Amino acid sequence: MARRVLITGGAGFIGSHTALVLLEQGYELVVLDNFDNSSPEALKRVKTLANSNALELVEGDVRDLDAVNRAFDRGGPVDGVIHFAGLKAVAESVANPLHYWDVNLNGSRVLATAMEQHQCRTLVFSSTSTVYGEPEVFPLHEEMPTAPVHPYAQTKLAVEQMLSALCRSGDWRVACLRYFNPVGAHPSGRIGEDPLGTPNNLFPFITQVAAGRRDKLRIFGQDYSTHDGTGIRDYLHVMDLAEAHSVTLDHLFHSTAPHQLTLNIGTGCGLSVLDVVRGFEKATGLPIPYEVVARRPGDVPKLEGCPQKAKDILGWSAKRDLAQMCRDGWTWQQANPLGYRSVP
Ligand code: WQD
């Protein structure tokens, strides 16, 4: 019988790509989403791409125990949960920390409560590489100290700690995936990243400049101690990240003993802002005009993770290169100039 998986935030950028991979592997899915920063259209397209109807939607907020219970009680018993639902904008978390603690920590607490009530203790949690703070030694290993510098990262680390306590208290199987910078889109161009308003993140900003929706990219600082002075991140293709979730779930389902895993999910290869700009220009043949402006408050010079532990434990490593991230992100942007709102 097919395993049944609950995905919170399954209509979002990473959630929708993961839902597609899991549907294609024959899982039955229940998606809980409040569409705060996502669209039901993404889920329609996921079903069409997978040619599957094994995805049910419960519209609701992860902080609402009744809504979470509705998702658990929708069909047969849920075997495992992937928890994406949460907030992820660093600057917004500084401006409105209580909201971040409420959605990210309280949402996870409510979800874990419902999981206990339903005897479902297998969980993959969306954590972040920003828990390492402002590190000076690279590449980052999971055992290195955490020192989050903003509420977004603090709330994610707090959830990791809450989950550790649960693992010590009972029969839980938990994986915390510390994502680096997911970009790109499904190669079909049918699902992708759909930021509300002006994009905060580099990659959607670049694709909108390429499309003529914005006149130029503003590069936040060229005075970092990196090879060209611009900030370095470990960008990975969102399909590689989606596949990482599927192999993680598989690993947890097949593990005999309760445990908690913490894994970096990245390529291990840091790229500067200018590397990405040039890579995009080369992959698409389109110019990306830019100007260098002041550093963005809260940015760190560099984040680059060692993905070896994920390879050793899961057999997972990122397969797609920058050119593919750029091509697929651009295909999505061209086909959906206004994201999911492009649909009449
Ligand atoms: C990347 C680089 C910027 C925009 C993101 C998420 C956060 C977390 C980690 C998961 C930096 C530069 C950007 C622009 C620029 N997610 N930049 N001009 O800051 O690493 O954070 O990943 O854990 O939720 O927001 O990613 O894409 O914003 O920035 O020069 O218009 O691009 O300064 O060096 P970041 P980003």
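Whatever order the structure lists them in is the order used to number ligands and atoms, beginning at 1. Everything numeric in this text was worked out from a predicted model, so none of it was measured.
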Student: Going by the atom numbers of ligand 1, which of them fall below 4.0 Å from some non-hydrogen atom of R218?
Tutor: 14 (C), 15 (C), 18 (N), 30 (O), 31 (O)

Student: Around atom 27 (O) of ligand 1, find the nearest protein heavy atom and jot down its residue, atom name and distance.
Tutor: L202 N, 2.8 Å

Student: Ring of F253, cation from R3 - is the NZ or CZ under 6.0 Å from the centre and inside 45° of the axis?
Tutor: yes

Student: Hey, does R233 come in under 3.5 Å of ligand 1, counting only N/O atoms on both sides?
Tutor: yes

Student: Should you measure from each heavy atom of N200, which atoms of ligand 1 turn up under 4.0 Å away?
Tutor: 4 (C), 28 (O)

Student: For Y132, is the NZ or CZ atom of R178 found under 6.0 angstrom from the centre of its six-membered ring and inside 45 degrees of the ring axis?
Tutor: yes

Student: Should you measure from each heavy atom of N181, which atoms of ligand 1 turn up under 4.0 Å away?
Tutor: 5 (C), 20 (O), 22 (O), 26 (O), 35 (P)

Student: So is F203 close enough to ligand 1, meaning a heavy atom under 4.0 angstrom away?
Tutor: no

Student: Short list, please: which atoms of ligand 1 are under 4.0 Å from a heavy atom of Y152?
Tutor: 8 (C), 10 (C), 16 (N), 23 (O), 24 (O)

Student: Inspect the contact between R278 and E281 and indicate whether a charged nitrogen and a carboxylate oxygen are less than 4.0 angstrom apart.
Tutor: no

Student: Excluding sequence neighbours, so at least two apart, what forms ring pair (Phe, Tyr, Trp, His ring centres under 6.0 Å) with H17?
Tutor: F13

Student: Considering non-hydrogen atoms of the protein only, which is the closest contact for atom 6 (C) of ligand 1, and what is the distance?
Tutor: N201 ND2, 3.6 Å

Student: Any N/O of A89 closer than 3.5 Å to an N/O of ligand 1?
Tutor: no

Student: Once the angle between the rings of F84 and Y179 is folded into 0 to 90°, is it parallel (under 30°), tilted (30 to 60°) or perpendicular (over 60°)?
Tutor: tilted

Student: For T128, take its heavy atoms, then give the atoms of ligand 1 lying under 4.0 Å from any of them.
Tutor: 10 (C), 23 (O)

Student: For atom 12 (C) of ligand 1, what is the closest protein heavy atom, and at what distance to 0.1 Å?
Tutor: V273 CG2, 3.7 Å

Student: Applying salt bridge (Lys or Arg N to Asp or Glu O under 4.0 Å), which residue pairs with at least one partner in residues 233-257 are found, sequence neighbours left out?
Tutor: R233-D299, D240-R320, E243-K319, E243-R320

Student: Just to confirm my output: which protein heavy-atom neighbour is closest to atom 2 (C) of ligand 1, and how far is it?
Tutor: Y235 OH, 3.5 Å

Student: In the protein, which heavy atom is nearest to atom 33 (O) of ligand 1, and how far is it?
Tutor: D299 OD2, 2.5 Å

Student: Counting from 1, what ligand 1 atoms have a heavy atom of G231 closer than 4.0 Å?
Tutor: 34 (O)

Student: Got a salt bridge between R4 and E28, using NZ or NE/NH1/NH2 to carboxylate O under 4.0 Å?
Tutor: yes

Student: Tell me whether ligand 1 is touched by Y290 - counting only heavy atoms on the residue side and a distance under 4.0 Å.
Tutor: no

Student: Give yes or no for whether the N/O distance cutoff of 3.5 Å, strictly under, is met between S127 and ligand 1.
Tutor: no

Student: In the protein, what heavy atom is nearest to atom 28 (O) of ligand 1, and what distance, to one decimal place, separates them?
Tutor: R296 NH2, 2.8 Å

Student: Is it possible for you to check whether R295 lies under 6.0 Å from the centre of the six-membered ring of Y224, through NZ or CZ, and within 45° of that ring's axis?
Tutor: yes

Student: Any N/O of T130 closer than 3.5 Å to an N/O of ligand 1?
Tutor: no

Student: Side chain, backbone, both or neither: which applies to I232 and ligand 1 if a contact is any heavy-atom pair less than 4.0 Å apart?
Tutor: neither

Student: Is there a nitrogen or oxygen of F220 sitting under 3.5 Å from a nitrogen or oxygen of ligand 1?
Tutor: yes

Student: Number the atoms of ligand 1 from 1 as they appear, then name those within less than 4.0 Å of a heavy atom of K88, with their elements.
Tutor: 7 (C), 24 (O), 25 (O)

Student: Can the positive tip of K302 be found less than 6.0 Å from the middle of the six-membered ring of F138, inside 45° of the ring normal?
Tutor: yes

